[in-house]
Amino acid sequence: MKQGPIKKTIKILLIVLVLRPLVWLLLGVNRFSHLKVPLEGPMIIAPNHNSHLDTLLFYAILPLKVAVRTRVIAAGDYFGNIPIVSWFLFSFCGMVPVYRPQAPKVEEGKKIKTSKSPLESMGEALSEGDVLLLYPEGTRGKPQERSALRKGIVYLACSFPEVPIYPVFVKGLGKALPRDSFILIPLIPVIEIQDPIFAKDKTQRMVLEELENAYSGMERKVAPQDRREK
Amino acid sequence: MSNNIVITSAIILCSALLIAQLIIYVMIKMRPDKDYQELVLRTRSWWWIVVLVETSLYFGKTSFIVLLGLVSFFAMREYLSRVHTRRSDRDTLFLLFLAIPMQFVLIYRGMFIEFLCFVPLYSMSVIVLALLVSGPPRGFIMALGTAQIGLFSTVYSLGHFAYLGLSDDPNSNQIIAGNILLPIFLTQINDVFQYMCGKAFGKHKIMPQISPKKTIEGFSGGLILTSSLAAVIAPYVTSLTHLQGFVAGLTLASLGFLGDVLMSAIKRDLDIKDFSQLVPGHGGILDRIDSLIIAVPIYFHLVRAFSNGWLS
């Protein structure tokens with residue numbers, strides 16, 4: 001992602017002066033930059049996805065140096081159609097749009113960079129040393145539940161075997177702002193991060209299994225306090 | 001008069017913290033191999049608490065009520081993040097947050113009866129209605145109880161705390177600082193006394209299932225020391241007499257203990273150690289204010305009885 005010093009400064013100011021105070025007030029996260037990730041890309045941050053707040057949260061808690069280079073992978077057919085949000089995502093979050101086949105068709109004129117497949121643009125971003133914020137479940141799914149992983153992350157990982165994937169588990173945002181609600185309830189999430197996974201010398205199936213295990217392991221770790229929620 | 005108390009207490013507390021800081025510094029120099037991280041964090045958080053409380057008291061009613069409103073918000077936020085709620089209870093959670101500004105506006109305006117009834121009567125009826133409309137009957141009692149304890153331990157108790165500082169003249173911006181500082185000081189020092197007496201003479205466990213470290217000896221020692229201390233200092237910071245101060249100390253010490261074990265019981269039930277990490281070294285807001293939760297509303301009634309002439 002090419003960006004000049006001015007854009008970088010604006011991004012940093014936005015994160016420090018707006019996003020972090022907001023996340024601190026509404027989500028009670030007060031230890032920023034504590035996710036143990038290297039300060040240099042390329043890498044893939046792979047959190048579970050329950051809420052729109054996930055993306056905001058990650059831009060706030062990643063180290064600043066990483067956050068300015070982070071590009072979020074999001075559904076182009078959904079976010080590309082919301083006027084201001086789409087402009088913001090493309091220009092500040094360096095969004096890599098994915099146009100899903102099952103989603104309603106988007107007019108050709110509205111699509112951006114249709115010549116490349118999403119995997120190609122993600123690969124390009126990784127070779128430039130960018131950080132990808134990729135939700136392997138693809139969609140927010142049912143509140144507070146994990147859905148099955150999609151294959152996209154595995155294809156990407158196997159074409160870039162040296163790039164670390166950091167599985168992150170966030171619990172609680174599905175309660176704060178689930179998919180069918182517009183009212184945000186200020187609640188504190190629990191955040192877990194695991195050691196990176198590399199696809200080197202592994203088959204696609206092995207990578208998928210390793211990711212799956214990582215998520216269920218982290219889910220068990222934060223589970224004790226949720227034993228009666230079912 | 002009131003601002004004199006604020007400034008004097010600020011000087012005393014800051015010097016006490018400076019001494020603590022010095023002791024920690026010496027301890028780290030003497031035994032660099034031991035881990036003092038927790039102690040350092042705790043002291044730093046105490047600095048924050050002292051500075052925030054004293055400044056808001058100094059600037060008067062508005063800043064103090066805003067501070068307590070924010071503390072209520074943080075306490076409610078960490079409480080609701082930890083307890084179990086059903087999906088259908090989301091509207092109720094929103095209403096619980098809405099109760100905070102409403103309660104503190106009533107306090108700001110000095111509307112005494114409305115302020116007293118707000119949590120037990122008005123809020124409860126609205127929440128009952130919200131739960132009936134939005135959720136299935138299965139789990140209704142749990143949801144209602146969860147909401148009620150949440151309101152009680154945040155909005156209700158801190159609301160009483162704010163009202164405690166208001167003077168009789170509703171237009172005055174003055175805060176009666178002594179009424180605020182005395183219960184904080186006594187409940188906190190009671191924790192220390194309980195801990196020290198428990199360490200020295202502790203034998204018989206008082207609540208083995210909830211707090212295995214608390215002992216009958218620690219509790220009684222805290223009770224005696226705190227009420228004696230209260231009897232000595234109360235006349236200097238409030239309008240209470242020595243006897244009234246003694247009764248106030250007795251009340252704050254015993255009910256401080258009750259609030260403490262109430263929060264411990266909730267945490268045991270939820271299988272958590274702290275409510276959050278908002279106050280580094282201490283845990284969450286509720287972990288810090290636990291001993292005020294029951295003690296302050298009762299102390300509020302006690303002070304009113306005293307000012308009406310009881311035991312004077």
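Just so it is clear, the structure is predicted and the values come from calculations on it, not from any experiment.
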With a 4.5 angstrom heavy-atom cut-off, is it the side chain or the backbone of B:Phe97 that approaches chain A, or both, or neither? side chain

The interface call for B:Arg87 against chain A, heavy-atom contacts under 4.5 Å, is side chain

Indicate whether any N or O donor in one side chain lies under 3.5 Å from an N or O acceptor in the other, for A:His52 and A:Arg179. no

I need the full list of side-chain hydrogen bond (donor to acceptor under 3.5 Å, both in side chains) pairs touching residues 56-70 of chain A, with sequence neighbours left out, sorted by first then second residue. A:Glu40-A:Lys65, A:Arg69-A:Asp130

Listed partners of B:Thr146 passing side-chain hydrogen bond (donor to acceptor under 3.5 Å, both in side chains), at least two apart: none

May I ask you to check whether B:Arg44 and B:Gln21 show a side-chain donor-acceptor distance below 3.5 Å? no

Does any heavy atom of chain B fall under 4.5 Å from the side chain of A:Pro143, the backbone, both, or neither of them? side chain

If one checks every heavy atom of B:Tyr79 against chain A at 4.5 Å, the contacting part turns out to be neither

